[in-house]
Amino acid sequence: QVPFQPSSPRQVANALALLRGRAGKTVDLGSGDGRLVLEAHRQGLRPALGYELNPWLLCLANYRAWKAGCHGKVSFLKEDLWKVNLSDCHNVIVFLAPSVKPPLATKLLAELPDDARVVAGRFPFPCWTPSSSLGQGLEQVWAYDMKEVRRQAQGSAQESQ
């Protein structure tokens, strides 16, 4: 369990800019107060949902959705991200601690479809090369296209043999 730190408006804008024009199910892993899910929905990414274990943050996210007129249009689920099947997700947003990134990278590689895009905020995935990035410092976000990540992973596996 990592302490919640809300995303700044600039981080939210940068993350969603890297998903602009995309379609398909969008999930925020560790969705906190729901701001990224709500903005994804506003920008037409549907369905948009968040997974969060903290019951207080789930309440806050649901309240924010209700206040924004999005109640019933977005979902916030109290589920462990390690137990959720992500095989139908096309857009994944991750603002999580660096310690979570290596095991999460393994899960995403195993489950996401080739056309999926992962957007990481605050900390990049250490072993992946981003296809694009936006912002600087704390506002920086990185986008990873799964097809490209898999190609790089296969290339480095062949080099090491």
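Quantities reported herein were computed from a predicted structural model and do not represent experimental measurements.
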Backbone N/O of [Y] and side chain of [X]: donor-acceptor pair under 3.5 Å:
X	Y	answer
Asp114	Met146	no
Glu52	Gly32	yes
Lys101	Phe123	yes
Arg35	Ser7	yes
Thr26	Ala48	no

Salt bridge (charged side-chain N to carboxylate O under 4.0 Å, His left out), that's the test. Do Glu79 and Lys83 meet it? Break it down for me. CA-CA 7 Å; Glu79 285 194 56; Lys83 296 180 177 139; over 6 Å; no
Is the ring pair Trp66/Tyr63 parallel, tilted or perpendicular, if the boundaries are 30 and 60 degrees? tilted
Might you point out which heavy atoms bring [X] and [Y] nearest each other, and give the distance in Å?
X	Y	value
Leu58	Lys78	CD1-CB, 3.2 Å
Lys107	Leu81	CE-O, 2.8 Å
Arg117	Ser131	NH2-OG, 3.8 Å
Leu38	Ala65	CD2-CA, 3.7 Å
Asp28	Ile93	OD1-O, 3.2 Å
Gly135	Asn14	CA-ND2, 3.7 Å

Heavy-atom check, side chain of [X] versus side chain of [Y], under 4.5 Å:
X	Y	answer
Phe125	Val149	no
Val12	Phe95	no
Pro126	Pro98	no

Report the distance from atom [atom1] of [X] to atom [atom2] of [Y], rounding to the nearest 0.5 Å.
X	Y	atom1	atom2	value
Arg151	Glu148	CZ	CD	4.5 Å
His41	Leu49	NE2	CG	12.0 Å
Gln11	Leu138	CD	CG	7.0 Å
Leu60	Phe76	CG	CZ	9.0 Å
Leu36	Leu19	CG	CG	9.5 Å
His90	Leu45	NE2	CG	12.0 Å

Would you say [Y] ends up clustered with [X] if hydrophobic residues are merged whenever their side chains have heavy atoms under 4.5 Å apart, either directly or through other cluster members?
X	Y	answer
Leu86	Tyr144	yes
Val141	Val94	no
Leu109	Val27	yes
Leu96	Leu77	yes
Val74	Tyr51	no

Side chain to side chain donor-acceptor pair (under 3.5 Å) with Thr106: which residues, sequence neighbours excluded? none
With side chain to side chain contact (heavy atoms under 4.5 Å, CB included) as the criterion, how do Leu104 and Trp82 come out once you've worked through the C-alpha distance, each side chain's angles and the decisive distance to 0.1 Å? CA-CA 8 Å; Leu104 185 58; Trp82 303 109; 3.9 Å; yes
Salt bridge present between Lys147 and Asp145 (N-O < 4.0 angstrom):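 Asp145 and Lys147: not salt-bridged.
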